[in-house]
Amino acid sequence: MFQSFDNRAPPGNRSKNVARLREQLAAHGLAGYVVTHADEHQSEYLPPSAERLAWLTGFTGSAGAAVVMTDEAALFVDGRYTIQAASEVDSDLFEIVDLVAAPPAKWLAGRGAEGLQVGYDPMLLTVGEVERLRRRLRGSGTELVALEENLIDAIWTDRPEPPTGAVSLHPISHAGRPAREKIAELQATLGEKRVDAAVLTLADSIAWTFNIRGADVAHNPAPLAFAVIRANGRPTLYIDGRKLSNSVRSELSDLAEIAEPGALAGDILRLAAEGSAVALDPSATPIAMARMIEGAGGQVVQAADPTALPKARKNPTELDGIRRAHVRDGIALTRFLAWFDNEAPSGSTNEIAAVEALERFRAETAEADGEPLADISFDTIAGAGPNGAIVHYRVTRGTNRAIEPNSLFLVDSGGQYRDGTTDVTRTIAVGTPTDDMRSRYTLVLKGMVAVTLARFPRGTTGTQLDSFARASLWRAGLDYDHGTGHGVGAFLSVHEGPARISKTGTVALETGMVLSNEPGYYRPGAFGIRIENLIAVTEAEEIAGGERPMHGFETLTLAPLDRRLIDVAMLSEDERAWIDAYHARVRETLSPRLDEASDRAWLEAATRPLGET
Ligand SMILES: [Mn+2]
């Protein structure tokens, strides 16, 4: 199993850990220390060696920060994690603070005493984070101090070793473009921007550039590494040599110099000493690197990671792979949904059993298809009844809930296959849904379909489309507190920048970008609804009678929507026609590929036209 159901916090006595950190504060003459959920690569999924926040506080969410002062301490989490933090963290040790309403800088400024020095690790905070912290702390008396040594590492005696997962080559049959060509394009971009080099620090940027994949962290097949791309001259890839077999090393040596990560600082200093202009992405790059460059006479040019856009625009080979992955994933999901419909009404199953069954169907289907499941793309969110209303719910043995009759079940999951990454959410009725559940489900579905059917001119951003997904809910006085969609990688991160469909999605949507389309509705304590398909931006085309070419979306995800939850009377003709056509496509694509007659019969019934009984 790729998913575990145990608490993931590193073992330890949090009270002792905090006390030892306070001894470090005293030894360094500090008033406090900042610990973020981060590694040097700003990875979403951390290797165990970087779970410093969890080691210190017990909190295992995917985002957050702590500040420990000599006599008080706070853990900062956003609204997704307030409930989880309260159950995981000892409130005698940490005050739990809303990250949005009172971010660390505001909280620290409120403690303001002249000359208060608060330490942090400059390899773990980005250029942008430190700039924001400094701006907010200005005039408060509190000063941030970058420390060479990480104070957690100094006291975490049984800290795991950093990972050394084997690197594999991502073949041209999946990547679609040779790494050499990608590097040349990046070099041309640097030339246009008149910079001498760019430092890449994100694992997926490096994986994409060099056509490699890794096994350092769960769920994201990118190797933890750094790279320097020079406008002129060979790039250097900084990676722990233990991750490279002889054959992989020899392939990579044709593209780049290969060095140990420890060599990066010296190379950056040399570049800077030559007076080079070096591009750094402020949202990704450790502040330590910017300081090194400026300190040694180089020029820092803040610019978006140059791989972000070319990585996001999937090429035709990648899109073909992604489509294949979605057919495979659709078969697995259909088998799961048929299984669930058979098991759930008896009331004898539960969230963990559902997660296990779904992973088993994915693994079996992939094995039979000759493209084994490399991983799940994130921990499956399987929320029964009220747990469905917890947006980032992860079931543990402690929270496992029985699936009860006359309730909703929300399942958000995905697979990592070498030809593509999937992410799909379905909300399923168990027994008889209430009218209320059906009307809310239909409003969410109308939003999902509105984005699917959107036509939009070149330059349109995700922010503009985000309201398409919400309009039906808004009209009913309802909304949801998360973005509508995120970018998705090609056998890479399930959450990929830079485009997104959300209130902050300011990047224009371009042909080949793959995004999620996942509106929702949540009634705390009762039920949650989310419907998610992945969609790819299609080429702008002429519309009959129209005057300007328009982009649209191709739906990639293939899995039935629960007809029992659709109130047909609430649908427009267009919406109804889209759902029927989608179901016909799902049936025609998947049915011939289902081995079991019972699964084919289930799919037949689940995808018949709306209104047909
Ligand atoms: Mn998603």
Side-chain angles (χ1 to χ4, degrees), residues 38-50 121-124 126 160-171 175 178-180 182-183 186-187 190 197-230 233-271 278-281 283-286 288-289 292 305-308 310-311 374-375 416 418 489-493 496-497:
D39 67 354
E40 294 83 345
H41 312 278
Q42 296 301 315
S43 305
E44 180 175 9
Y45 303 105
L46 298 179
S49 55
D121 182 339
M123 281 302 286
L124 300 181
T126 66
E161 287 295 317
T164 54
V167 167
S168 56
L169 300 172
H170 192 53
R180 193 176 303 284
K182 295 179 182 178
I183 292 165
L186 293 177
Q187 289 176 317
L190 300 186
V199 182
L200 303 184
T201 61
L202 299 175
D204 65 338
S205 299
I206 285 158
W208 178 84
T209 303
F210 295 99
N211 282 346
I212 52 177
R213 293 298 183 266
D216 285 331
V217 294
H219 313 328
N220 185 359
L224 301 180
F226 300 103
V228 171
I229 310 289
R230 292 173 180 77
R234 273 158 72 82
T236 307
L237 175 63
Y238 302 87
I239 189 163
D240 186 325
R242 290 172 293 179
K243 298 180 188 179
L244 306 178
S245 66
N246 287 338
S247 64
V248 169
R249 179 184 286 275
S250 125
E251 284 278 337
L252 283 171
S253 301
D254 286 344
L255 299 168
E257 301 299 321
I258 312 293
E260 287 294 315
L264 175 62
D267 285 359
I268 287 183
L269 288 174
R270 254 190 301 283
L271 264 173
V278 182
L280 301 181
D281 186 331
S283 69
T285 314
M289 293 185 185
M292 264 188 256
D305 182 319
T307 70
K311 166 163 32 76
D375 202 333
Q416 288 284 9
R418 295 204 71 96
F491 189 44
L492 275 181
S493 176
E496 183 180 273

Would you check if [X] and [Y] make a side-chain contact, meaning some heavy-atom pair closer than 4.5 Å?
{"X": "R213", "Y": "R418", "result": "yes"}
{"X": "I183", "Y": "F210", "result": "yes"}
{"X": "W208", "Y": "E496", "result": "no"}
{"X": "N220", "Y": "E44", "result": "no"}
{"X": "I239", "Y": "L244", "result": "yes"}

Provide the closest heavy-atom pair for [X] versus [Y] in the form atom of the first, atom of the second, distance.
{"X": "S49", "Y": "P163", "answer": "OG-CD, 3.8 Å"}
{"X": "Y238", "Y": "V228", "answer": "CE1-CG2, 3.7 Å"}
{"X": "D375", "Y": "H219", "answer": "OD2-N, 2.8 Å"}
{"X": "L255", "Y": "A179", "answer": "CD1-CB, 3.6 Å"}

**OP:** Please assess M289 against V278 for the test side-chain contact (heavy atoms from CB on, under 4.5 Å), listing each intermediate value before the final yes or no.
**Re:** CA-CA 10 Å; M289 293 185 185; V278 182; over 6 Å; no

Original post:
Which residue, K182, H170, E251, forms the side-chain hydrogen bond (donor to acceptor under 3.5 Å, both in side chains) with N211?
Top reply: K182

Original post:
Has R234 got more than 12 heavy atoms of other residues, nucleotides or ligands less than 6.0 Å from its CZ?
Top reply: yes

Subject >> N246, CG atom: more than 12 neighbouring heavy atoms under 6.0 Å >> reply: no

Subject >> All side chain to side chain donor-acceptor pair (under 3.5 Å) counterparts of T236, not counting sequence neighbours >> reply: R230

Distance-only, no hydrogens or angles: does the [X] side chain make a donor-acceptor pair with backbone N or O of [Y] under 3.5 Å?
{"X": "E260", "Y": "G241", "answer": "yes"}
{"X": "K243", "Y": "L224", "answer": "yes"}
{"X": "H41", "Y": "T201", "answer": "yes"}
{"X": "Q187", "Y": "G233", "answer": "yes"}
{"X": "D216", "Y": "P223", "answer": "no"}
{"X": "E40", "Y": "M123", "answer": "no"}

Subject >> Worked check of side-chain contact (heavy atoms from CB on, under 4.5 Å) between L237 and L252 >> reply: CA-CA 9 Å; L237 175 63; L252 283 171; 3.9 Å; yes

Original post:
Going by atom types only, do D305 and S205 share a side-chain donor-acceptor pair under 3.5 Å?
Top reply: yes

